[in-house]
Amino acid sequence: MARLVLPSKSLAFSRKSLLGLISNAPLQVNCSVNCFQYTAKSSIRYRHFLASEAIFRKNCCSLYSSLPRVKQVSRRLICSVATEDLPKQVEESKMAAPKEIFLKDYKRPDYYFDTVHLKFSLGEEKTIVTSKITVFPHTEGSSPPLVLDGQDLSLVSIQLNGKALKEEDYHLDARHLTIQSPPSGKYDLEIITEIQPQNNTSLEGLYKSSGNFCTQCEAEGFRKITFFQDRPDIMAKYTVRIEADKSLYPVLLSNGNLVEQGDLQDGKHYAVWEDPFKKPSYLFALVAGQLQSRDDTFVTRSGRKVSLRIWTPADDLPKTAHAMYSLKAAMKWDEDVFGLEYDLDLFNIVAVPDFNMGAMENKSLNIFNSKLVLASPETATDADYAAILGVIGHEEFSSDMGSRTVQRIADVTTLRKYQFPEDAGPMAHPVRPHSYIKMDNFYTGRYEFVFNSAFPVLQVYEKGAEVVRMYKTLLGSEGFRKGLDLYFKRHDGQAVTCEDFYAAMRDANNADFANFLLWYSQAGTPIVKVQTSYNPEAHTFSLKFSQEILPTPGQSVKEPVFIPVAVGLLDSTGKDIPLSAFYHDGILESVSSKDQSVFTTILRVTKKEEEFVFTDIVERPVPSLLRGYSAPIRLESDLTDDDLFFLLANDSDEFNRWEAGQILARKLMLNLVDDFQHDKPLVLNPSFVDGFKRILSNLSLDKEFVAKAITLPGEGEIMDLMEVADPDAVHAVRTFIRKQLASELKAEFLSIVKNNRSSEEYVFNHQNMARRALKNVAIAYLASLEDEEFTNLALGEYKAATNLTEQFAALAAIAQNPGKARDDVLADFYGKWQDDFLVVNKWLSLQAVSDIPGNLDNVRKLLNHPAFDLRNPNKVYSLIGGFCGSLVNFHAKDGSGYQFLGEIVLQLDKINPQVASRIVSSFSRWKRYDENRQKLAKAQLEKIVSSNGLSENVFEIASKSLAA
């Protein structure tokens, strides 16, 4: 295991949790939309703290999601497909057509649950679940029908206050169990159901992975375990008893504290877990199997000792050291920064290889995708180490341990790659959606870093995180902490809304946030335009802002939103100008500080059009706009290319320095695309090459920042700026620029490779990550020249590498170009790592994402490779997601890419609808392309929508894409 030094975010931190503080999981609901998606669950991990409805419990801890993983040995152990007929008791005719659920229809539940006692008798053929629930009405004395959610369940028996109900006392259909006339007042309800986890390939509810039982209940998986009000405003205390064969399942885990365990007859044993705090059903968790743990302890600031355990198969335990380190560091950081202390005596983390999501922070029993737990220098890249750190901790924690700028660049790149296209497409929705058919389609995001997939996953978390980040931008760290403290004081243990969090931030700081709540209710990305002007006589500098949000499905009219714009001004020498005051709405507002000069101020843009006029500006400045990317908007300004080159060379805000280069690159690429489309010769602007050269030669810059700065905008980002997307032209132009830069800066790139080699032991820290990142980008540029000299250079780096980061980067550089060298090195890599399924997934992804012409044939062959299994989400994300990431091949003119994806969607929908829905979302912006591609993509969508037995998940995305 590598020596662990305070690391930084590398090229790909997997999830921004904290400044995602309120990462947002959209409204969950039951027949009617639930405004109370989350509980006020404080804790150490802020992933659920939610922008769309938070789920926090003070000191509870869904937060510290550290990560373990299940079996490295079992490369292909996936569950079998569930093909059982519906139980006879269920009326098949009642299987309703997909129904849209609206937030406006939300109503509080008629009944609440006080305590829930669950008993699981785990078996190889079937599992019996007994639930005993204490029920009480919302309105005392009322007794309306009790409607419980249930799916894929066989009802064995049902009792009310110890009395068995007859068939005429309840109604059962494919989705609900309704008790027609329950007693008034408080009563006990006991339900026994039979389920078959071994046949549950949807990976929702209780299922088997690598021979172990595990659960995934977020967002609506609990209804696949037992009949229940599966909605987040139903919060109860859970006690769970698990019984199983001791030889097969020696480890039995659930939420809370272990209060009892022992042996039973017939070689079985049991464990009883009790969670003293109320929680919603989607945070329930259970794991049973053959696992071993890495154990450690954490002493809280109040002196309590918390046992920490990361569970994984025995062979993988050595790879969990980094996860444990990250967990303890994040827990300490959360106490220091946010005053949040874990409240239970035990914290368990389990990793599983078959998991729809990246991670699930169930209270005290976090379940994670194996990829986000295991790390060793030989089998994990810097990006993997960073992803683990990012999932266990969160954005601020990870940034504090490394380069905050690099992390911010990674976050914004994600927004532009996934969120902005979604905001402009048929699945555009607010942070808190107004409606949904299947909530899973709006619930989670952040798969791109975890799986290197290209699926435009619905980015609820990402945008919600940006909304919360704006609170902190406006209030500062101290003000944000005050708001957070008030939020927990008011709502600890409650189900809460976005308005509750907003009110706490506002009230704690006596702040005026005007129209800030519109961020939660309006879909789309604000487009902000800025015009600048300087008055040399008055020594004033003006910034005129205008904002608009384009119409989105269901929202044709948009209101201006509250946008914090961080601004600085540079003088002619490139230095920041001290800011003293500006006029806004005729009022002079001071920005100076008695103690020190102010170089960046926050302008509060709240109207459709408004102007800010800075005073005491003695020369025309160059403005640095939206510093640190202070709001998730598209910014357009009248800055010239000279201004942008000036900012690229001088801006003290490193994010904006990078951004200036990206704007220049986007403008250059769009111009060259136009030339390509009009059969004009492609010529690279010498000033652009010179800008790259200056960056490469500036030894004062952070190497990881340089690696980001010399990476061109992606093809998807450029196409997103075109009226009609042209994947062939954009690919040709980007390839041309990369080769031209590699050719003209050959000496610089060779020098970078030479000067950044190291034979020392692998260390995961910022200095070494930055060195490797810059070297790897340089090798990729050189290898793009398809010159034997540089192919051999990359091959030498591949053979000499002592860690996967450098070995895989060299492999990727060689694999850019078809030929024997590529084929040989790919075969060699697989031969070395065929027994490690996580490394093999990288091998699959690398081949699938290739832009080599005709690569679809290779992808089809890989479908039948022993390393691939359609039932494993990670493998689907790697191979199918990788292929969709090659825009030039996926959007092939002949429609072959569309046909391939359509076939896969229909196959996968029968196995795992959640994963199938993520895949079909690649079709969502089909209208952005030329008429021929539109026709071909539309045909596949129509075929999918007309398919018999289509899941709600896929139907929602496919039908909305067609209707756009």
In chain order, what residues pass the side-chain hydrogen bond (donor to acceptor under 3.5 Å, both in side chains) check against [X], with sequence neighbours excluded?
| X | value |
| --- | --- |
| Glu611 | Ser542 |
| Asn671 | none |
| Asn656 | Ser624 |
| Asn535 | none |

Would you say [X]'s side chain and [Y]'s backbone share a donor-acceptor pair under 3.5 angstrom?
| X | Y | result |
| --- | --- | --- |
| Arg928 | Glu723 | yes |
| Arg408 | Gly628 | yes |
| Asp500 | Val496 | no |
| Trp658 | Phe705 | no |
| Glu462 | Leu415 | no |
| His584 | Glu589 | no |
| Ser556 | Thr552 | no |

Evaluate the side chain to side chain contact (heavy atoms under 4.5 Å, CB included) criterion for residues Ile563 and Val528: first the C-alpha distance (whole Å), next the side-chain angles of each, then the deciding distance (0.1 Å), finally the verdict. CA-CA 9 Å; Ile563 303 172; Val528 177; 3.6 Å; yes
Does a donor on one side chain and an acceptor on the other come within less than 3.5 Å for [X] and [Y]?
| X | Y | answer |
| --- | --- | --- |
| Ser403 | Asp702 | no |
| Tyr471 | Asn509 | no |
| His539 | Glu619 | no |

Could you pull out all residues at least two apart from Glu100 that satisfy side-chain contact (heavy atoms from CB on, under 4.5 Å)? Phe102, Ser435, Ile437, Lys960
With sequence neighbours left out, the residues meeting side-chain contact (heavy atoms from CB on, under 4.5 Å) with Thr473 are Arg469, Pro564, Ile602, Ser630
With sequence neighbours excluded, what pairs up with Arg481 under the salt bridge (Lys or Arg N to Asp or Glu O under 4.0 Å) test? Asp485
Among residues at least two apart in sequence or on other chains, which ones pass salt bridge (Lys or Arg N to Asp or Glu O under 4.0 Å) with Lys607? Asp585
Does any part of the side chain of [Y], heavy atoms only, come nearer than 4.5 Å to the side chain of [X], both counted from C-beta?
| X | Y | result |
| --- | --- | --- |
| Gln531 | Phe545 | no |
| Pro430 | Gln522 | no |
| Leu647 | Val622 | yes |

With side chain to side chain contact (heavy atoms under 4.5 Å, CB included) as the criterion, how do Glu466 and Trp519 come out once you've worked through the C-alpha distance, each side chain's angles and the decisive distance to 0.1 Å? CA-CA 10 Å; Glu466 290 295 322; Trp519 280 103; over 6 Å; no
What pairs meet the salt bridge (charged side-chain N to carboxylate O under 4.0 Å, His left out) rule with one or both residues in residues 546-563, with sequence neighbours excluded? none
Summary of salt bridge (charged side-chain N to carboxylate O under 4.0 Å, His left out) pairs that have at least one residue in residues 622-649, sequence neighbours excluded: Asp576-Arg627, Arg627-Asp651, Arg634-Asp720, Asp641-Lys667
Carboxylate-amine/guanidinium proximity below 4.0 Å for Glu717 and Lys417: no
Can Asp512 and Arg506 be counted as an ion pair, charged N to O under 4.0 angstrom? no
Report yes if the distance between the aromatic ring centroids of Tyr520 and Tyr502 is under 6.0 Å, otherwise no. no
Name the orientation class of the two ring planes belonging to Phe541 and Tyr534 (parallel below 30°, tilted from 30 to 60°, perpendicular beyond 60°). tilted
State the CD1-OG distance between Ile587 and Ser590, to the nearest 0.5 angstrom. 13.5 Å
Roughly how far apart are Glu610 CD and Ser546 OG, rounded to 0.5 Å? 10.5 Å
Where at least one partner belongs to residues 622-650, residue pairs that pass ring pair (Phe, Tyr, Trp, His ring centres under 6.0 Å), sequence neighbours excluded: Tyr629-Phe655
Under the ring-ring contact (aromatic ring centres under 6.0 Å, His included) rule, collect the residues that match up with Phe582, sequence neighbours excluded. Phe612, Phe614
For Leu588 and Thr615, what are the C-alpha separation, side-chain angles and deciding distance, and is it a side chain to side chain contact (heavy atoms under 4.5 Å, CB included)? CA-CA 9 Å; Leu588 184 64; Thr615 61; 4.2 Å; yes
